[in-house]
Amino acid sequence: MSQASRSTAATPVIVNFADNRLLSALFGEQDRFLARIEQKLGVSVNPRGNQVVITGQVGARDAARDVLHSLYERLKRGDEVGLGDVDGAIRMAEAADDDGVAVGNGTPAVPQIRTKKRAIQARTPAQAHYIAELYRQELVFGLGPAGTGKTYLAVAVAVAMMMTGKVDRIVLSRPAVEAGERLGFLPGDMREKVDPYLRPLYDALYDMLPVDEVRRRLDSGDIEVAPLAFMRGRTLANAFVILDEAQNTTPVQMKMLLTRLGERSRMVVTGDLSQIDLPNGQMSGLRDALGKLEGVEGISMVRFSDSDVVRHPLVMRVIRAYAAAEGDLGLAQEPQEPRRRR
């Protein structure tokens with residue numbers, strides 16, 4: 001390294017914060033958020049009163065500054081900051097640096113999704129693109145591995161649109177296909193029988209709305225959670241429709257749902273073609289739809305990769321290990337559909 005490069009790398013960046021009351025939340029308990037930034041970006045971050053001094057290589061140093069700005073802006077808006085938010089801000093800052101685009105004060109490139117219980121924003125560039133498409137297009141496919149936020153972000157946008165009156169109701173659906181198990185007879189009425197298949201959708205709702213409001217809206221029909229089989233023959237107008245686990249639909253089911261779209265409605269179809277639970281030889285309706293609808297005007301297809309996983313870090317490593325064992329290190333190619341029986 002030249003003398004000039006060493007000098008540039010050693011020049012510190014000083015970040016000033018006006019509100020000292022936010023700094024404990026910004027730094028994290030025992031400064032664990034600062035430690036995370038240091039670990040991920042390879043910089044040194046030292047708080048001094050209402051200032052933070054950052055040293056390191058130029059790109060990493062600037063990324064750390066943008067991360068702190070982004071998190072500080074969240075706290076100023078009254079939003080909480082957790083370790084996942086720190087990791088997300090780091091990913092976004094790194095992506096901006098890779099593209100040669102300055103993040104500036106950390107203001108997100110897409111609108112925040114605001115629900116009654118929390119504010120949600122993208123943690124990866126793919127999520128930012130996905131959120132933008134959910135607001136822009138009337139039919140969006142969210143494709144990729146588990147843990148990338150496909151369904152969660154779709155539910156968040158649906159709740160936000162219902163709160164602002166852009167849609168009158170939310171319709172959440174999944175195919176009732178068992179994931180490699182045979183559960184046998186399930187007791188109870190129809191809702192009790194299908195609820196186990198739809199639990200992830202309820203979990204997302206409860207994360208965004210008060211429990212009593214979720215129950216009230218379910219009872220009134222403002223929010224409907226139903227298995228895919230219940231959609232036949234309906235026209236879904238003034239609604240935000242989400243089909244989850246779409247890899248487990250048949251082509252007939254997929255066509256049926258896509259043609260339910262009515263006036264002033266939006267639809268999101270999410271799925272992971274590496275986790276098809278249909279019987280061997282059965283064509284996935286999601287794969288069939290992707291082949292037929294690619295490039296159709298008004299339809300957006302957003303693809304996530306293992307690098308977009310925002311769950312526990314082990315999830316990303318598990319996905320990559322399985323992909324490597326199947327000879328598909330980057331999940332760049334989708335798994336081949338089993339041959340149809342003749």
Side-chain angles (χ1 to χ4, degrees), residues 108-115 120-122 125-144 148-175 198 201 204-205 208-209 217 221-228 230-273 284-304 308:
V110 296
Q112 271 199 328
I113 309 171
R114 300 205 71 89
T115 66
I120 299 157
Q121 68 183 51
Q127 285 191 350
H129 175 55
Y130 185 52
I131 294 171
E133 293 301 282
L134 290 175
Y135 280 106
R136 188 175 73 90
Q137 296 282 33
E138 293 179 343
L139 177 55
V140 177
F141 285 80
L143 312 164
T148 51
K150 305 182 299 295
T151 303
Y152 188 83
L153 292 174
V155 173
V157 172
V159 168
M161 286 193 173
M162 184 177 66
M163 288 170 48
T164 56
K166 293 182 179 178
V167 296
D168 294 338
R169 60 197 177 115
I170 299 172
V171 179
L172 307 173
S173 186
R174 296 180 101 189
L198 305 171
L201 299 175
L205 286 171
M208 297 163 196
L209 291 171
R217 289 186 179 273
D222 290 344
I223 299 176
E224 179 182 354
V225 185
L228 180 58
F230 286 20
M231 297 297 108
R232 186 172 295 280
R234 302 178 59 184
T235 299
L236 303 171
N238 303 315
F240 196 112
V241 185
I242 300 174
L243 173 62
D244 190 31
E245 299 289 344
Q247 74 274 6
N248 290 327
T249 62
T250 66
V252 171
Q253 289 174 326
M254 177 64 75
K255 181 181 178 182
M256 177 271 292
L257 184 75
L258 294 177
T259 55
R260 300 306 94 199
L261 194 64
E263 293 184 358
R264 292 188 63 243
S265 287
R266 293 172 179 268
M267 184 177 292
V268 183
V269 177
T270 68
D272 177 4
L273 286 170
S284 166
L286 178 59
R287 186 186 300 281
D288 181 65
L290 296 179
K292 292 175 178 175
L293 300 178
E294 186 81 50
V296 173
E297 184 179 356
I299 299 177
S300 178
M301 297 183 181
V302 180
R303 291 175 168 83
F304 296 88
D308 295 304

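- Here the side chain of R234 pairs no donor or acceptor atom with the backbone of R260 at under 3.5 angstrom.
- A donor-acceptor pair is defined here as one N or O able to donate and one able to accept, closer than 3.5 Å; such a pair exists between the side chain of S265 and the backbone of L236.
- With hydrogens and angles ignored, the 3.5 Å screen pairs a side-chain donor or acceptor of Y130 with a backbone N or O of K150.
- Taking each heavy atom of L258 and M267 in turn, the nearest pair found is CD2-SD, 3.7 Å.
- Of all non-hydrogen atoms in G262 and T235, the two that sit nearest each other are CA-CG2, 4.1 Å.
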Discussion item. Go through it in stages, so that I can follow the logic: the residues are V157 and K166, the test is side chain to side chain contact (heavy atoms under 4.5 Å, CB included), and I'd like the CA-CA distance, side-chain angles, deciding distance and then a yes or no.
Written reply: CA-CA 11 Å; V157 172; K166 293 182 179 178; over 6 Å; no
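- Between L205 and L172 there is a side-chain heavy-atom pair separated by less than 4.5 Å.
- Taking each heavy atom of S173 and L201 in turn, the nearest pair found is N-CD1, 4.0 Å.
- F304 contributes atom CZ, which lies 9.5 Å from atom OG1 of T270 (distance to the nearest 0.5 angstrom).
- S300 pairs in a side-chain hydrogen bond (donor to acceptor under 3.5 Å, both in side chains) with only one of the listed residues (E133, Q137, H129), which is E133.
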Practice prompt. In sequence, state the C-alpha distance, the side-chain angles, and the governing distance for L143 and L290, and then conclude on side chain to side chain contact (heavy atoms under 4.5 Å, CB included).
Written response: CA-CA 10 Å; L143 312 164; L290 296 179; 3.7 Å; yes
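- Taken from OH in Y135 to CD1 in I113, the straight-line distance is 5.0 Å, to the nearest 0.5 Å.
- In terms of heavy-atom proximity, Q247 sits nearest to D272 at OE1-N, 3.0 Å.
- V252 places a side-chain heavy atom less than 4.5 Å from the side chain of R232.
- Side chain of R174 to backbone of D244: no donor-acceptor contact under 3.5 angstrom is found.
- Here the shortest heavy-atom pairing between L209 and M162 reads CD1-CE, 4.4 Å.
- Between the side chain of R217 and the backbone N or O of R169, no donor-acceptor pair lies under 3.5 Å.
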Item to complete: Please test M254 against L286 for side chain to side chain contact (heavy atoms under 4.5 Å, CB included), starting from the C-alpha separation and ending with a verdict.
Response: CA-CA 7 Å; M254 177 64 75; L286 178 59; 4.2 Å; yes
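- Nearest heavy-atom pair, R264 versus N238, reported as atom, atom and distance to 0.1 Å: NH1-OD1, 2.6 Å.
- Although no hydrogens or angles enter the test, the distance criterion places no donor-acceptor pair under 3.5 Å between the side chain of T115 and the main chain of A156.
- Interatomic distance, CG of L293 versus CD1 of I299, reported as 4.5 Å (0.5 Å rounding).
- Screening L153, V155, V159, I131 for a side chain to side chain contact (heavy atoms under 4.5 Å, CB included) with I120, the sole residue that qualifies is L153.
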Practice prompt. Kindly indicate, with the supporting measurements, whether the criterion side chain to side chain contact (heavy atoms under 4.5 Å, CB included) is fulfilled by D288 and K255.
Written response: CA-CA 10 Å; D288 181 65; K255 181 181 178 182; over 6 Å; no
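- Taken from CE in M301 to CD in E294, the straight-line distance is 4.5 Å, to the nearest 0.5 Å.
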